[in-house]
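See below for the structure under consideration.
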Amino acid sequence: MILSAAGAALVLDDSGPGLPRVRHFGAALGPLDAPLPAAVVAPAFASPAPPLLPAQGDGWYGRPGLSGVRDGEHWPVRWSVDRLEARAEPGSGGAVTVTAADARAGLSLVSELVMDEGGLVRMRHAVTNTAPSPYRVQGLVCALPVPARAGELLDFTGRWGLEKVPQRREFGYGVWSRENRRGRTGHDGTGLLVAGTGGFGFRSGEVWAVHAGWSGGHVHYAERLPEGVALLAAGELLDPGEVVLARGETYRTPWVYFSWSGTGLDEVSAQMHGHLRSRPLPVRPVTLNNWEATYFDHGLDRLLELADRAAAAGVERFVLDDGWFRHRRDDRAGLGDWYVDEGVWPDGLHPLAVRVRELGMQFGLWFEPEMVNPDSDLAREHPDWILGRPERTPPPYRNQQVLDLARPQAYAYLLERISALVGEYALDYIKWDHNRDIAEPVHDGAPGVHAQTLAAYRLLDELRARHPGLEIESCSSGGARIDLGILARTDRVWTSDSNDALDRQAIQRWTGLLVPPERLGCHVGAPGDHITGRSLPLAFRAATALFGHMGVEWDLTSASEAELEELATWIALHKRLRPLLHAGRVVRADHPDPSALLHGVVLPERAVYAYVQQVSRLDMAPAPLRLPGLDPAATYEVRTAGPAPERALLPEWAAAPVRVPGAVLAELGLPAPALRPASALIIELERV
C-alpha cells in the first residue's frame with residue numbers, strides 16, 4: 001500500500017500479522033503493481049520495519065508507541081487489525097485508516113495517515129478503553145522510520161527575545177528527546193526535529209522532519225537501535241494521571257506532521273507552508289501595534305497622533321495593546337477584568353476606534369485571556385478559577401496566575417466578555433497573548449495542561465464561529481506558542497518580542513521553516529531596540545520586516561519627517577511586493593560567507609531576494625550571489641528595489657536593470673555588493 005505525491009512516498013506492508021509496517025518513507029519508488037518482494041524488504045539480521053505503533057511484540061525494543069497502565073492485570077498490547085481502509089483523495093497522495101483491537105488488553109485503536117498534494121504526511125492515533133477497569137494513558141506518539149544514512153540531527157532551542165536557535169549533532173545510538181513541560185510550546189520548543197544526511201543544508205541533502213501540532217506539553221525524539229532501525233517520533237507529553245480512560249472513553253493524539261525532502265530544508269519548508277496555505281487568508285494589512293510606542297500610557301491625544309502618523313505612512317491596521325482594561329496601569333493588576341477602564345476611557349474606546357476607521361485603518365485589541373492577576377476583581381471574586389490546588393497557589397510569574405479554562409464558569413466568562421467587546425467595537429483583529437509558562441497545573445485534582453489546551457482551542461474556535469471575519473494573532477511572550485495546533489485557529493504569530501533586526505534575521509529565518517511569511521509578524525522597531533539596546537539603521541530594520549507580515553512597533557510621534565518618509569517608502573514597497581511575498585515559495589541560499597545571508601521568495605513570473613550583511617566579512621571580495629529557485633530556462637530582468645543601503649559599494653548591475661538567464665543567476669550568480677554590517681540590499685527579478 002503506497003501513499004505518494006510530489007516525488008515522496010510512504011510504503012505500508014499489511015501482509016503480516018498486526019499493524020501495517022512502514023517499509024519506506026522517502027523518495028517515490030515509481031509505479032509498483034505488486035507488493036515489494038520479501039527478499040528485498042526482509043532484513044537478514046536487523047529488526048523488521050517498525051509498525052505504525054511500535055511495540056515489543058512487534059520486535060521493537062526502543063520506546064513504545066503506546067505506554068499505559070491498567071488497574072489490575074497487565075497485558076502487553078498486540079494489535080489485531082479489524083479493518084484497513086485506503087482512500088484516494090482528489091489532489092492528495094491518498095489516505096489510510098487502520099482499525100485494530102486487542103481484546104485481552106481491553107483496548108482498540110484507530111490510526112489515520114494522510115499525505116497531501118505536496119507530500120506532507122500527517123498522522124494521528126486514537127486509543128479507546130474497552131475494558132471495565134480504567135486505563136491510564138502514559139504516552140501515545142506517532143512515529144515513522146528513517147534510513148541509516150540519516151546520520152545528523154537538527155533541532156532548535158531558544159529563550160525570550162531569541163527564539164529558534166539551531167543546534168546540530170550526530171544521530172547516534174539511543175534517544176535524543178526534546179520534552180516540553182511548560183504548558184505552552186515554549187521559546188525553546190523544537191518546532192521541527194530534522195534528521196538528514198551529513199552536512200544537509202537548505203538546498204542540498206536528504207532530510208526527514210517531524211512536528212507535533214500541539215500547544216501544550218509535547219515530545220519530539222529521534223531513536224536509533226543497534227538492530228539497524230531508527231525513527232522520528234512526536235506527540236503530546238502527558239503527566240501521570242492526566243488522561244485516565246473509563247470504559248468507552250477515547251484519547252486522541254494531536255496531528256503529527258512528517259516531511260521528506262531529497263533537496264534540503266527548503267522543500268520541507270515548502271510542504272509546511274503549503275499545508276498552512278490550504279486555509280486562505282485575506283490580504284495581510286500592514287499593522288501598527290502601540291506597545292513599544294506608549295506601553296501603559298493610554299492618553300487619547302497621544303494615541304490619536306500616533307494613529308494619524310501611522311495612516312500617513314501607509315499603515316492599514318491599528319492595534320491597541322495592553323493597558324485599556326480596568327485597573328491596568330502596570331503589569332501588576334487587572335488581568336482578567338475585561339471591561340474598558342472607565343477612568344482612562346470615559347467614553348469607552350469609541351473615540352480611538354472611530355478615528356482609526358476614519359483614517360482608513362482596521363482596529364484591533366490586545367487580550368491575555370488565559371491569565372489573571374491576583375490583584376484583580378476576577379481573582380478576588382473567583383479564586384477557585386485559578387489553575388492549581390485550592391490549598392496552595394502555584395508560583396507566580398510576571399505577577400500572574402493561570403485561569404482554569406477547563407472550568408465551565410471561567411470559560412463562559414471569557415467567551416462572553418471577549419465576544420461582547422468584539423461586537424461593541426466591531427473589532428477586526430485580536431492580539432491574543434500568553435505571557436508565562438504554566439507551573440503546577442491542577443484541574444479538579446488531576447494534571448491540567450491537556451484540558452487547558454483543549455479549552456483554549458475551543459474558546460478560539462467558538463469566537464471565530466461567532467465572528468467569522470475576526471482575525472486572531474497568537475502571541476506568547478513573543479514566539480513561545482508557535483505550532484500547527486495554534487496556527488489552525490489563528491491567522492498569524494508574533495515571532496519574537498525582540499524587534500532587533502540583526503537577531504530577527506535569524507529568528508525569522510528559522511521560524512520560517514515552519515511558518516510562511518504572511519503568518520509571521522515582522523515589525524519595524526524603534527531605532528534603539530528596547531530589549532537589546534542595539535541601534536540599527538531604518539533601512540535595515542525595514543528590509544528585515546519586509547519579508548513577513550509587515551508592521552510597525554515604534555513611536556512614530558518621535559520620528560523625524562525624513563524617517564516617516566523613508567518608512568512610507570518601505571511600506572509602499574511591501575504593499576507592491578505583497579502578492580509575491582505572501583504567495584511565493586521561500587528559498588534560502590547555502591551562501592558560503594557565514595557573515596551574510598541570501599534568501600528570497602519566488603513565483604514563476606517574479607522573485608525578490610535580500611542579501612543581508614550581518615557582521616563584518618573576512619574576505620575582501622564578497623562571494624557571488626547565486627540566486628536559488630529560478631527557472632534555468634527563463635531570462636529575468638534584474639534590478640534593485642527600495643532605498644539603497646548607506647555607503648554600499650554597488651556592482652555595475654545595480655545601476656540599471658539587466659537581463660540574465662536563470663541558469664546563469666543560479667550557477668555563476670551576480671557580483672555581490674560590498675555592504676557595511678547591518679545592511680541589506682533588496683533584489684527584484686521579473687521574467688521576460
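Treat the numbers as computed from the prediction; the structure is a model and nothing was measured.
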Flag if over 12 foreign heavy atoms under 6.0 Å of CZ, Phe296
yes
Heavy-atom pair of closest approach, residues Pro369 and Leu414
O-CD1, 3.3 Å
Enter the distance from Phe318:CZ to Thr287:OG1 here, rounded to the nearest 0.5 Å.
11.5 Å
Looking only at heavy atoms, which two atoms of Asp483 and Ser215 are closest? And how far apart?
OD1-OG, 2.9 Å
Could you tell me whether the side chains of Trp432 and Glu370 share a donor-acceptor contact shorter than 3.5 Å?
yes
Under a 3.5 Å distance rule, please check whether Arg519 uses its side chain to pair with a backbone N or O of Thr490 as donor and acceptor.
yes
Quick one: which of His549, Arg578, Arg277 gives a side chain to side chain donor-acceptor pair (under 3.5 Å) with Glu518?
Arg277
Treating His220 as the side-chain partner and Ala234 as the backbone partner, does any N or O pair qualify as donor plus acceptor under 3.5 Å?
no
Hey, does the side chain of Arg329 reach the backbone of Gly323 with a donor-acceptor pair shorter than 3.5 angstrom?
yes
Stepwise ring-ring contact (aromatic ring centres under 6.0 Å, His included) check, His574 with His582
CA-CA 10 Å; His574 176 81; His582 293 175; 5.5 Å; yes
Verify the neighbour count for atom CZ of Arg332: are there more than 12 heavy atoms of other residues, nucleotides or ligands below 6.0 Å?
no
Val372 and Leu378 have their tightest heavy-atom pair at CG2-CD2, 4.1 Å
Between the side chain of Glu473 and the main-chain N/O of Tyr429, is any donor-acceptor distance below 3.5 Å?
no
If you measure only the distance, is there a donor-acceptor pair under 3.5 Å linking the side chains of His273 and Ser269?
yes
Between the main-chain N or O of Phe363 and the side-chain N or O of Tyr425, is there a donor-acceptor pair closer than 3.5 Å?
no
Are side-chain N/O atoms of Ser496 and Glu163 paired as donor and acceptor at under 3.5 Å?
yes
Rounded to the nearest 0.5 Å, what separates atom CD in Gln614 from atom CG in Asp503?
9.5 Å
Give the ring-plane orientation class for Phe156 versus Trp510, where under 30° counts as parallel, over 60° as perpendicular and anything between as tilted.
tilted
Result of checking Asp377, Asp322, Asp375, Asp297 against Arg328 for salt bridge (Lys or Arg N to Asp or Glu O under 4.0 Å)
Asp322
Does Arg464 reach the main-chain N or O of Arg489 with its side chain, forming a donor-acceptor pair under 3.5 Å?
yes
Write down the atom of Val524, the atom of Ala545, and the distance for their closest heavy-atom approach.
CG2-CB, 3.8 Å
Are the side chain of His298 and the backbone N or O of Trp345 linked by a donor-acceptor pair below 3.5 Å?
no
Looking at every non-hydrogen atom in both residues, tell me the closest pair between Phe547 and Gly600 and how far apart they are.
CE2-CA, 4.3 Å
Using only heavy-atom distances, determine whether the side chains of Asn435 and Asp433 contain a donor-acceptor pair under 3.5 Å.
yes
Are the side chain of Glu553 and the backbone of Ala526 linked by a donor-acceptor contact shorter than 3.5 Å?
no
Give the C-alpha distance, both sets of side-chain angles, the deciding distance and a yes or no for side chain to side chain contact (heavy atoms under 4.5 Å, CB included) between Asp188 and Arg159.
CA-CA 6 Å; Asp188 61 338; Arg159 57 164 172 80; over 6 Å; no
Could you tell me which residues satisfy ring pair (Phe, Tyr, Trp, His ring centres under 6.0 Å) with Tyr257, sequence neighbours excluded, listed by chain and number?
His275
Is Arg417 positioned over the aromatic face of Tyr339, cation under 6.0 angstrom from the ring centre and no more than 45 degrees off axis?
yes
Does Lys431 come within less than 4.0 Å of Asp321, counting only side-chain N to carboxylate O?
yes
To the closest 0.5 Å, what do you measure between CG (Leu581) and CZ (Arg284)?
13.5 Å
Scanning both residues in full, the closest heavy-atom pair of Ala406 with Ala455 reads N-CB, 3.8 Å
Between His218 and Thr185 (side chain of the first, backbone of the second, donor and acceptor by atom type, cut-off under 3.5 Å), is there such a pair?
yes
Residues 445-498 vs ring pair (Phe, Tyr, Trp, His ring centres under 6.0 Å), sequence neighbours excluded, gives Trp214-His450, Trp214-Tyr457, Tyr251-His450, Trp494-His523
Salt-bridge contact Arg380-Asp337 (side-chain N to carboxylate O under 4.0 Å)
no
Parallel, tilted or perpendicular: which one describes the rings of Trp324 and Phe367, with boundaries at 30° and 60°?
perpendicular
Polar contact flag, side-chain donor to acceptor under 3.5 angstrom, Gln400-Arg398
yes
Arg181/Asp437 salt bridge by N-O under 4.0 Å criterion:
no
Kindly indicate whether the side chain of Val615, heavy atoms from C-beta on, has any atom under 4.5 Å from the side chain of Leu502.
no
Residues Asp500 and Arg541 bridged, charged N to O under 4.0 Å
no
Anything under 3.5 Å between a donor and an acceptor, one on a side chain of residues 349-356, the other on a protein residue two or more places apart or in another chain? List them.
residue : atom : partner : partner atom : Å
His350  : NE2  : Glu424  : OE2          : 3.2
Arg355  : NE   : Asp308  : OD1          : 3.2
Arg355  : NH2  : Asp308  : OD1          : 3.0

Start with the C-alpha gap between Leu120 and Arg122, add the side-chain angles, then the distance that decides, and say whether side chain to side chain contact (heavy atoms under 4.5 Å, CB included) holds.
CA-CA 7 Å; Leu120 183 70; Arg122 68 181 190 269; 5.9 Å; no
Can you measure from OG (Ser376) to CD (Gln401) and round to the nearest 0.5 angstrom?
10.5 Å
Stepwise side chain to side chain contact (heavy atoms under 4.5 Å, CB included) test for Gln409 and Asp384:
CA-CA 10 Å; Gln409 303 92 327; Asp384 56 317; 6.0 Å; no
If you measure from the Lys or Arg side-chain nitrogens to the Asp or Glu carboxylate oxygens, is any gap between Asp491 and Arg279 under 4.0 Å?
yes
Run through Leu335, Asp330, Asp331 and flag the one making a side-chain contact (heavy atoms from CB on, under 4.5 Å) with Asn399.
Asp331
Residue among Arg302, Glu292, Glu305 satisfying side-chain contact (heavy atoms from CB on, under 4.5 Å) with Asp555
Arg302
Please step through side chain to side chain contact (heavy atoms under 4.5 Å, CB included) for the pair Trp554 and Asn499, ending with a clear verdict.
CA-CA 10 Å; Trp554 175 17; Asn499 284 308; over 6 Å; no
Using a strict cut-off of less than 4.0 Å between a Lys/Arg side-chain nitrogen and an Asp/Glu carboxylate oxygen, indicate whether Glu471 and Arg492 qualify as a salt bridge.
no
Do the ring planes of Trp385 and Tyr413 sit parallel (below 30°), tilted (30 to 60°) or perpendicular (above 60°)?
tilted
Hey, could you give me the CG/CZ distance between Leu387 and Arg407, rounded to the nearest 0.5 Å?
9.0 Å
With no hydrogens and no angle check, just 3.5 Å: does a side-chain donor-acceptor pair link Arg184 and Ser476?
yes
Charged N to carboxylate O under 4.0 angstrom, Arg576 versus Glu684?
yes
Main chain of Ile472, side chain of Ser474: is a donor-acceptor contact present, judged purely on distance under 3.5 Å?
no
